[in-house]
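These notes concern the structure reproduced below.
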Amino acid sequence: MVELYDPFDPAVHDDPYPIYRRLRDEHPTYWCETRGCWVLSRYDDVEDALNHPEVFSSINGVFPTRDAAGQGPDIMDALLPMMIMMDPPRHTQLRKLVSRAFTPRRIAALEPTIRSLAVELLDELSPAGSGDVVRDFAGPLPAMVIADMLGVPREDRDQFRTWSSSMVQGDPMVAEERDASLAAAAALYEYFSEVIQKRRDDPREDLVSALVQAEVDGDRLGDDELLGFCLLLLVAGHETTTNLLGNSAVHLAEHPDQRRRLASETALLPDAVEELLRYDSPAQGLSRTLTRDLTRHGHRMRAGETVLLLFGSANRDDRVFADPDRLDITRKPERQVAFGHGIHFCLGAALARLESRVALAEMLDRLPDWQLDPAKGPERLHSGPIRGYATLPATWATSVRDERAHPLPRPVQT
């Protein structure tokens, strides 16, 4: 049997959107034999599932790792507890705890630091006339920001990037790729075990110290929960923004009219970021486990079965978005679900949006004519849940902008 859709198929990684359209139009409830899961692709179905966590549970992990016969490794069993893999009430307790670090005021206060880092990276990169946008900019920037929040050295960003990419890439049914992912998780656990112990002995003004000292219903978090938090915050805080920036760099290079308008009307940046999230979501989808039998589009889904919710497809559904395959930076896609929805809505969404607005503003300022390098093709991440690039070679003109004569207006904050 040839699958119409398999989230780990390289053809899907190259361009999933024609396949998504077929799923929405012809198979809105699709059984993926290879991964042993149902696939929901229409916006209304995805949104409904996200709004009903009592039916679509996160407790068994957030991505399918077994085939239809239940064979194959369940790598989620090898990971320590993470908030993304919990249901209420524990999820509610832990989210309330960590959300204190992601208040609007705290996030807004990070803008000067984010801008300074973006300028530093781009000023180092721009004179060369070419470089790897992911390696030299989109990867390091969010890694340094999340490192600062956690209280770990920025200098470890390259190692963070290696571990993070290894965790989200690869097919869990392929032993070598699965082992690489688990080895990266083990390395992260070892790294943060030392950090946690240091913060117990010498607390600082950082997120790890806050988590070490925090109490939930009078109890401190255990080591496993602390390590799960650190891994989740590092990987999620890094991958979403890195891949949003990489995808955005590609699409703005391919749509020079949109890029020129964005450079001249930077007040459009907040809406442009939302449109770029909708158009090519960095998180293409996550799975849930049914707690009861459910019928969708004539198909009976059973309690205990896995259901993959395709955010990337929902964001291209023409039942909700007009002309969805067209990038339009003036669109206001207020219903896009790139960050999920409901109780598991991405905790770091405001941070990712801020980083992306600042990073794109500075790219438009310092590398206004970047193009994909025709001599070196980009390399895609081969990941089920994440859509982005491992490498993204690009070129640009090297003329130095006179900032005093030609200042670029800063984006309007929302």
Side-chain angles (χ1 to χ4, degrees), residues 7 13 16 46 50 58 62-63 82-85 95 98-99 101-102 107 110 114 117-118 133-135 137-150 157 160-169 181 184 188 207 228-251 269-270 272-287 309-312 314-315 333 336-342 344-360 363 380-390 392:
H13 301 160
V46 170
L50 293 172
S58 300
V62 292
F63 217 76
M82 290 188 288
M83 190 170 60
I84 197 173
M85 295 163 52
R95 186 177 177 97
V98 78
S99 64
F102 291 89
I107 297 303
L110 294 173
I114 295 170
L117 289 171
V133 172
V134 169
R135 182 194 65 203
F137 183 60
L141 177 62
M144 288 191 285
V145 172
I146 199 66
D148 284 354
M149 293 184 71
L150 289 167
R157 66 180 184 265
F160 291 156
R161 177 64 181 160
T162 299
W163 286 333
S164 181
S165 295
S166 295
M167 282 203 64
V168 301
Q169 287 201 86
S181 178
L188 276 166
L207 186 51
F229 257 127
C230 290
L231 184 145
L232 176 63
L233 291 169
L234 178 68
V235 175
H238 186 193
E239 289 298 329
T240 298
T241 309
T242 291
N243 292 302
L244 172 56
L245 288 175
N247 294 346
S248 297
V250 169
H251 295 309
L269 268 166
V273 168
E274 297 305 301
E275 172 67 350
L276 288 160
L277 281 163
R278 181 202 68 81
Y279 187 76
D280 204 8
S281 308
Q284 288 285 290
L286 295 174
S287 67
L309 311 175
L310 288 181
F311 306 160
N315 281 335
Q336 62 87 4
V337 290
F339 290 122
H341 199 69
H344 285 286
F345 179 79
C346 177
L347 193 61
L351 177 60
R353 284 167 165 146
L354 175 61
E355 288 181 276
S356 300
R357 290 198 300 266
V358 170
L360 289 175
M363 281 188 71
R380 277 212 170 271
L381 287 173
H382 287 294
S383 169
I386 302 296
R387 180 164 169 78
Y389 294 90
L392 189 55

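Predicted model only: the values in this text are computed from it and were never measured.
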Taking all non-hydrogen atoms of both residues into account, name the closest pair between [X] and [Y] and its distance.
| X | Y | value |
| --- | --- | --- |
| G246 | L392 | O-CD2, 3.5 Å |
| T240 | A352 | CG2-CB, 4.3 Å |
| M149 | A101 | CE-O, 3.8 Å |
| A138 | T242 | O-OG1, 2.9 Å |
| N315 | V337 | OD1-N, 2.8 Å |
| T241 | S356 | CG2-OG, 4.0 Å |

Separation between [atom1] of [X] and [atom2] of [Y], rounded to the nearest 0.5 Å:
| X | Y | atom1 | atom2 | result |
| --- | --- | --- | --- | --- |
| H238 | L141 | NE2 | CG | 9.0 Å |
| R387 | F311 | CZ | CZ | 16.0 Å |
| C230 | I146 | SG | CD1 | 10.0 Å |
| L277 | L244 | CG | CG | 4.5 Å |
| R95 | L347 | CZ | CG | 5.0 Å |
| H344 | I84 | NE2 | CD1 | 7.5 Å |

Pairwise side-chain contact, [X] with [Y], heavy-atom cut-off 4.5 Å (strictly under):
| X | Y | value |
| --- | --- | --- |
| M82 | V62 | no |
| N247 | L276 | no |
| L110 | D148 | no |
| L207 | F229 | no |

Checking [X] now: which residues fulfil side chain to side chain contact (heavy atoms under 4.5 Å, CB included) with it, not counting sequence neighbours?
| X | result |
| --- | --- |
| S165 | R161, Q169, E239 |
| A390 | E379, L381 |
| P385 | F63, L286, S383 |

Got a sec, which residues hit ring-ring contact (aromatic ring centres under 6.0 Å, His included) with Y389, two or more places apart in sequence or on another chain?
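Counting only residues at least two positions away or on another chain, Y389 forms no ring-ring contact (aromatic ring centres under 6.0 Å, His included).
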Qualifying residues under ring-ring contact (aromatic ring centres under 6.0 Å, His included), relative to H251, sequence neighbours excluded:
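Y279.
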Would you check if the side chain of [X] reaches a backbone N or O of [Y] as a donor-acceptor pair within less than 3.5 Å?
| X | Y | result |
| --- | --- | --- |
| D280 | S248 | no |
| S166 | S181 | no |
| R357 | P270 | no |

Determine, stepwise, if the pair L245 / V133 fulfils side chain to side chain contact (heavy atoms under 4.5 Å, CB included).
CA-CA 9 Å; L245 288 175; V133 172; over 6 Å; no
Using the test side chain to side chain donor-acceptor pair (under 3.5 Å), find all partners of R353 that sit at least two apart in sequence or belong to another chain.
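With sequence neighbours excluded, R353 shows a side chain to side chain donor-acceptor pair (under 3.5 Å) to E274, given in chain and number order.
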Using the ring of each side chain (for Trp, its six-membered ring), is H382 parallel, tilted or perpendicular to H13, with breaks at 30° and 60°?
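Geometry flag for H13 against H382: tilted rings.
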